[in-house]
Amino acid sequence: MPELPEVETIKNGLLYLKGQTISQITIKSSHCLRPHPDRFIQFRPRQVKNITRRGKLLIFVLERNLFLIFHLKMTGKLFLNPPSPYPKHTHLIFKFAQGQTLIFQDTRKFGFVCLFTSQELKTWPFWKDLGKDPLRIAWEDFKKLFTSQAQVKSLLLNQKILAGIGNIYADESLFLAGIHPQTKANQIPAAKLKKLYTALQKVLQKAIQLGGSSFRDYVDSLGQKGKFQEQFWVYGRYGKPCLQCQTTLEKIKVCGRTSTICPQCQRLYL
DNA sequence: CGTGCGGCCTGAATGC
DNA sequence: TGCATTCAGGCCGCAC
């Protein structure tokens with residue numbers, strides 16, 4: 001469930017590991033390791049030069065041309081200095097020379113961890129094809145993305161088009177823009193599209209300010225819950241009244257995912 | 001090529 | 001109470 005704001009929050013919480021040295025990696029289970037577990041077994045100490053985010057990816061830039069990359073998918077978590085015993089489904093333990101411990105834990109095992117050189121990174125399809133960051137894209141470039149007949153929600157969730165948006169922020173931004181998720185992308189009037197652009201930025205910025213959304217079980221690297229779930233207009237609120245017009249919010253399936261919409265506030269363009 | 005859908009995985013919630 | 005089923009959704013791979 002960690003989307004852009006959650007990964008950004010995790011990154012910010014880990015930033016002080018910058019400059020520290022990963023001295024040892026302990027593997028509890030190797031299914032999540034890319035390109036191969038050997039890479040992790042043979043790991044030798046390296047300093048962390050920087051910690052960044054791209055879409056939903058969390059990236060540790062290590063010295064001597066190595067990138068440690070996490071994708072948390074649904075239930076992946078990073079915990080800094082967790083109390084012992086470590087939680088069930090802890091897969092990796094990173095020991096730092098300065099005494100810190102970072103663990104990677106993932107109940108559903110969807111997440112993965114990579115050790116890539118810059119050359120490998122460049123050819124990794126997921127990296128190579130990753131779309132623009134919705135917080136850094138200009139309006140002129142944003143509107144050019146909406147030229148297909150795809151349902152607007154599937155377009156927002158497509159990481160090759162925009163990187164970092166998941167179900168929560170797609171539903172929230174579409175509600176704020178007054179657009180039905182099944183609207184065809186190329187049928188959205190320009191003014192509405194501008195509204196979507198603004199809504200996305202607003203929603204993501206606000207969520208980052210509030211430390212992300214803890215709707216199910218998201219917590220940051222220090223085990224802190226986010227607060228943005230208290231600001232949800234629609235996500236997970238089906239059956240409850242719309243906060244703008246009191247109409248009962250509906251749950252529908254769009255591109256295989258649950259979407260919560262206000263049938264009154266969100267207009268469908270076909 | 002673009003789109004839609006099943007599979008991956010576990011645990012919580014729901015149904016009977 | 002207890003067992004079975006459904007659901008959560010990011011991304012890949014396959015079918016159409």
Side-chain angles (χ1 to χ4, degrees), chain A residues 1-10 28-35 53-59 69-78 86-92 104-114 116 121 123-131 133-134 144-174 181-187 204 207 212-219 225-226 228-229 232 234-240 249-261 270:
Chain A
M1 175 105 64
E3 305 179 28
L4 187 156
E6 289 75 29
V7 179
E8 184 73 15
T9 301
I10 293 166
K28 307 288 277 185
S29 60
S30 54
H31 69 272
C32 57
L33 307 178
R34 314 278 173 81
R53 176 192 61 77
R54 188 170 172 221
K56 298 172 192 172
L57 294 174
L58 180 68
I59 303 138
I69 300 183
F70 296 88
H71 196 314
L72 303 174
K73 293 274 187 101
M74 300 293 300
T75 53
K77 293 183 184 69
L78 287 165
Y86 299 149
K88 199 174 170 182
H89 306 299
T90 293
H91 305 312
L92 280 185
F104 171 68
Q105 188 263 358
D106 186 5
T107 303
R108 287 171 67 182
K109 301 184 171 78
F110 284 8
F112 56 84
V113 186
C114 315
F116 284 146
L121 196 53
T123 56
W124 179 30
F126 186 79
W127 179 269
K128 186 163 59 74
D129 299 336
L130 210 51
D133 188 305
K144 285 179 202 155
L145 301 174
F146 292 75
T147 50
S148 80
Q149 286 201 60
Q151 297 178 344
V152 60
K153 179 157 176 174
S154 76
L155 200 145
L156 291 179
L157 293 175
N158 185 343
Q159 303 300 299
K160 293 176 184 174
I161 295 176
L162 286 166
I165 303 166
N167 212 25
I168 293 176
Y169 300 103
D171 273 11
E172 290 296 307
S173 57
L174 286 169
Q182 288 174 316
T183 289
K184 306 257 185 250
N186 61 3
Q187 298 302 311
L204 294 171
S213 304
S214 293
F215 186 68
R216 287 202 167 70
D217 62 350
Y218 163 77
V219 286
K225 290 188 170 206
F228 190 71
Q229 67 281 6
F232 286 168
V234 288
Y235 184 81
R237 295 193 64 251
Y238 47 83
K240 294 182 177 167
L249 299 178
E250 290 176 4
K251 174 162 84 164
I252 59 171
K253 278 271 184 211
V254 182
C255 50
R257 292 176 183 85
T258 299
S259 301
T260 306
I261 57 151
L270 290 173

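Proteins come first, then strands; the chains are lettered A, B, ... in the order of their sequence lines, and each starts at number 1.
Across the protein-nucleic acid pair, A:Phe126 atom CZ and C:dG10 atom P stand 11 Å apart, rounded to whole Å. The distance between atom NE2 of A:His31 and atom P of C:dC11, rounded to the nearest whole Å, is 16 Å. Per the geometry, CD belonging to A:Gln182 stands 15 Å off P belonging to B:dT3, to the nearest Å. Between A:Phe70 atom CZ and C:dC11 atom C1' there is a gap of 19 Å when expressed in whole angstrom units. Between the C1' atom of B:dT3 and the NZ atom of A:Lys153 lies a distance of 16 Å, rounded to the nearest Å. In this structure, CG of A:Asn167 is placed 10 Å from C1' of C:dG10, rounded to the nearest angstrom. Atom P of nucleotide C:dG13 and atom CG of A:Asp129 are separated by 12 Å, given to the nearest angstrom. Between the P atom of B:dC8 and the NZ atom of A:Lys73 lies a distance of 14 Å, rounded to the nearest Å.
Between A:Lys253 and the phosphate of C:dA8, there is a side-chain N or O to OP1/OP2 separation shorter than 4.0 Å. For A:His89, no side-chain nitrogen or oxygen approaches OP1 or OP2 of B:dC9 to under 4.0 Å. Look at A:Ser148 and you'll find a side-chain N or O under 4.0 angstrom from OP1 or OP2 of B:dT3. In this model, the phosphate group of B:dG11 is approached by a side-chain N or O of A:Lys88 to a distance below 4.0 Å at OP1 or OP2. Between A:Lys109 and B:dC8 there is no side-chain N or O to OP1 or OP2 distance below 4.0 Å. Distances shown here put every side-chain N or O of A:Gln159 at or beyond 4.0 Å from the OP1 or OP2 atom of C:dG10.
Across A:Ala163 and A:Pro134, no two heavy atoms sit closer than the pair O-CD, 3.1 Å. A:Lys28 and A:Thr90 get closest at one heavy-atom pair: CB-O, 3.3 Å. A:Thr107 and A:Thr75 get closest at one heavy-atom pair: N-OG1, 3.7 Å.
The gap from the P atom of B:dC1 to that of C:dC11 amounts to 22 Å, rounded to the nearest Å. Atom name P, nucleotides B:dC5 and C:dC7: the rounded distance is 15 Å, in whole Å.
The base of C:dA8 is not paired with the side chain of A:Arg257 by any donor and acceptor separated by under 3.5 Å.
When distances are taken from the side chain of A:Lys56 to each of C:dG10, C:dA8, B:dG11, the shortest belongs to C:dG10. The side chain of A:Ala150 lies closest to B:dT3 when the candidates are B:dT3, C:dA8, B:dT10. In the set B:dT10, B:dG4, C:dC11, B:dG4 carries the atom at the smallest distance from any side-chain atom of A:Gln151. With distances taken from any side-chain atom of A:Thr258 to the nucleotides C:dA8, C:dC11, B:dG11, the minimum falls on C:dA8.
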Chi angles and distances behind the side chain to side chain contact (heavy atoms under 4.5 Å, CB included) call for A:Glu250, A:Thr260:
CA-CA 6 Å; A:Glu250 290 176 4; A:Thr260 306; over 6 Å; no
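The main-chain N or O of A:Val152 is never found under 3.5 Å from a side-chain atom of A:Thr183 such that the two would form a donor-acceptor pair. Side-chain atoms of A:Gln159 never come within 3.5 Å of backbone atoms of A:Gly55 as a donor-acceptor pair (strictly under, hydrogens ignored).
A distance of 9.0 Å separates OG of A:Ser213 from OH of A:Tyr235, quoted to the nearest 0.5 Å.
No contact: A:Gly256 has no heavy atom under 4.0 Å from any strand.
Among the duplex regions that DNA chain B forms, those built from at least three successive Watson-Crick or G-U pairs under 3.5 Å are B:2-8 with C:10-16, B:10-16 with C:2-8, ordered by first number.
Between A:Phe126 and A:Phe112, the angle of the ring planes goes over 60°, which puts this pair in the perpendicular group of the 30/60° scheme.
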